[in-house]
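Reading through the structure tokens given below for one structure.
Start at 1 and go down the list; that is how both ligands and their atoms are numbered.
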Amino acid sequence: MRLICAEGKLWREQRRFAVSCLKNLGMLKFGGKRDRLEARIIGAVDESVSKLSVHSGRQGVDPFETLHHCLGNLMNRIVFGKDYREDDVVWKWLRHLQEEGVKHIGVAGPLNFLPILRLLPRFSKVFDYLIDGKRKTHQVYKQIIAEHRNQVDNGEETMDSVLAAFDDEMRRRMNSDDPGHFTEPQFLHFLADLFGASTDTTLATIRWFLLFMVAYPEEQLRIQQELDAVLRGKNVSLDDRSALPYLEAAIAETQRIRSVVPVGIPHGTTEDTLIAGYEVPKGSMVVPLQWAIHMNPKYWQDPTKFKPERFIAQDGSLAKPEAFLPFQTGKRMCLGEDLAKMMLFLFTGRILQRLNLTSPEDQQLDLTGECGITMTPKPYRLIFTSRS
Ligand code: HEM
């Protein structure tokens, strides 16, 4: 079951379906659907900005909770067709579970190589926690699906979402001679994979971006100057992407210097092959080390320095170096790349357009991360001051 861990026919069918769902929901370059998705994202960004701008005190605030709620709720709308109040008990619990789950999956990583480790208490405890979390999350999803079906049966209006599309496809397939893998258990895994893969990665990238903006205030200023000169007071929108190459370059540089999926997702070889002179037999597990590529001095001069300039081509446009692979490459590469880029651009652009970011005086900035399945910044506080 699932999508991220699936193979063969199941994976091909479910991946194709996921991509078509996201396109239908607006993951496109232009058009009315794209505009509707943009409006959804802007709703979440504006909520974040207004919540963050309240925090201009000398102590500052960790933007994590606000961003987790706003971005998570945006993905709730896209994936489940539902949103929650920030203090909703179920939503608070789901957020907590995700935060802990992401750390624990990192601890459980060595089990991929040595399954016997699951017998050790440290690993068996984590394993049980993950299984229990999955079971409880699926209970919540079942309830959301039931609510959706009730609304449909009562002729009530529902939000466009991945959940609604999967449910429709399931009904359609049930009456055809090709049911495929559109089953109730796959439904739950599919929703979990899309929500999980999208929220944690995008949230971690935005948190790294804000932290680097404070660590490199001259870069923050340069982006704001670009925003002011190009937009002249108009709010950032997706149509401005090509006119704001420095903002795009700073996002790319954040994704390079802090790969949020530093160890990549393990893959398997489908035939015997030779990599850099090493014979790798068919059926081996291959782990693509993104961190090693993004920090390799062969491809990047001064790799430990935050330099958005390296993504600016000679003609001033955004450069696309070959060794830049935050979404990986090939058949299994991230299927949500375009949606992620829309969210990253609108969140970072609108936050910097409206707010100045500084660090409280008593805080020593720490740019090292914590590694679970994703690499996230350690907790930090920022002071957000309105620019108007
Ligand atoms: C900054 C944000 C994101 C980053 C850095 C990121 C990165 C990645 C990476 C490195 C992979 C593994 C690719 C491979 O194994 O070759 C992946 C897979 C995946 N991503 Fe993303 N991702 C992001 C956002 C999203 C979003 C917004 C969605 C969906 C809405 C998404 C859905 C997926 C799915 C479903 C897969 C599995 C694809 C497959 O196995 O065929 N991701 N992502």
Within ligand 1, which atoms have a heavy atom of Thr205 less than 4.0 Å away? 1 (C)
So for Arg332 against ligand 1, with non-hydrogen atoms under 4.0 Å, the contacting part is both
Minimum non-hydrogen distance to atom 42 (N) of ligand 1, winning option of Gly196, Gly264, Cys5, Cys334: Cys334
Show which atoms of ligand 1 fall inside a sub-4.0 Å distance from at least one heavy-atom site of Gln290. 10 (C)
Run the numbers for me: atoms of ligand 1, each under 4.0 Å from some heavy atom of Ile4, listed by number. 37 (C), 40 (O)
Per-atom filter on ligand 1: closer than 4.0 angstrom to a heavy atom of Ile265 are 12 (C), 15 (O)
Do Arg135 and Asp132 meet the salt-bridge criterion of a basic N to acidic O distance under 4.0 Å? yes
Test your reading of the model: is there a side-chain donor-acceptor pair from Thr269 to the backbone of Gly283, 3.5 Å cut-off? yes
Atoms in ligand 1 flagged as close to Gln328, the criterion being non-hydrogen separation under 4.0 Å: 10 (C), 13 (C), 14 (C), 16 (O)
What protein heavy atom sits nearest atom 24 (C) of ligand 1, and how far away is it? Thr201 OG1, 3.4 Å
For Tyr84, does the six-membered ring have the charged nitrogen or CZ of Lys82 within the cation-pi criterion, i.e. under 6.0 angstrom from the centroid and within 45° of the normal? yes
Quick note on ligand 1: atoms under 4.0 Å from a heavy atom of Leu339 include exactly 30 (C)
Using the side chain to side chain donor-acceptor pair (under 3.5 Å) definition, which of the options His181, Lys9, Gln186 pairs with Gln14? Gln186
Using heavy-atom distances, let me know which of Leu335, Thr329, Thr254 sits nearest atom 35 (C) of ligand 1. Leu335
Students should be able to answer this: which protein heavy-atom is nearest to atom 33 (C) of ligand 1, and at what distance? Ala197 CB, 3.6 Å
Flag for Asp153-Asn150: side-chain donor and acceptor within less than 3.5 Å: no
Which of these passes side-chain contact (heavy atoms from CB on, under 4.5 Å) with Lys307: Glu219, Arg256, Glu253? Glu253
Contacting atoms of ligand 1, where contact means under 4.0 angstrom from a heavy atom of Ser198: 25 (C), 26 (C), 27 (C), 28 (C), 29 (C), 30 (C)
Just checking, any donor-acceptor pair under 3.5 angstrom between side chains of Thr376 and Thr374? no
Salt-bridged, Lys234 to Asp240, with N to O below 4.0 Å? yes
In the protein, which heavy atom is nearest to atom 4 (C) of ligand 1, and how far is it? Phe327 CE2, 3.5 Å
I'd like to know whether ligand 1 has Asp193 as a neighbour, heavy-atom separation below 4.0 Å. no
Between the main-chain N or O of Leu28 and the side-chain N or O of Arg34, is there a donor-acceptor pair closer than 3.5 Å? no
Minimal non-hydrogen separation, Tyr380 against Arg207, with atom names: OH-O, 2.6 Å
Just to confirm my output: which protein heavy-atom neighbour is closest to atom 39 (C) of ligand 1, and how far is it? Arg15 NH1, 3.4 Å
Among all protein heavy atoms, pick out the one at the shortest distance from atom 15 (O) of ligand 1; state its residue, atom name and that distance to 0.1 Å. His267 NE2, 2.7 Å
Under 4.0 Å from a heavy atom of Pro326: which atoms of ligand 1 are those, numbered in the order shown and with their elements? 5 (C), 7 (C), 10 (C)
For ligand 1, is there an atom lying under 4.0 Å from some heavy atom of Lys331? no
Answer with yes or no whether the side chains of Asp315 and Ser317 bring together a donor and an acceptor at under 3.5 Å. yes
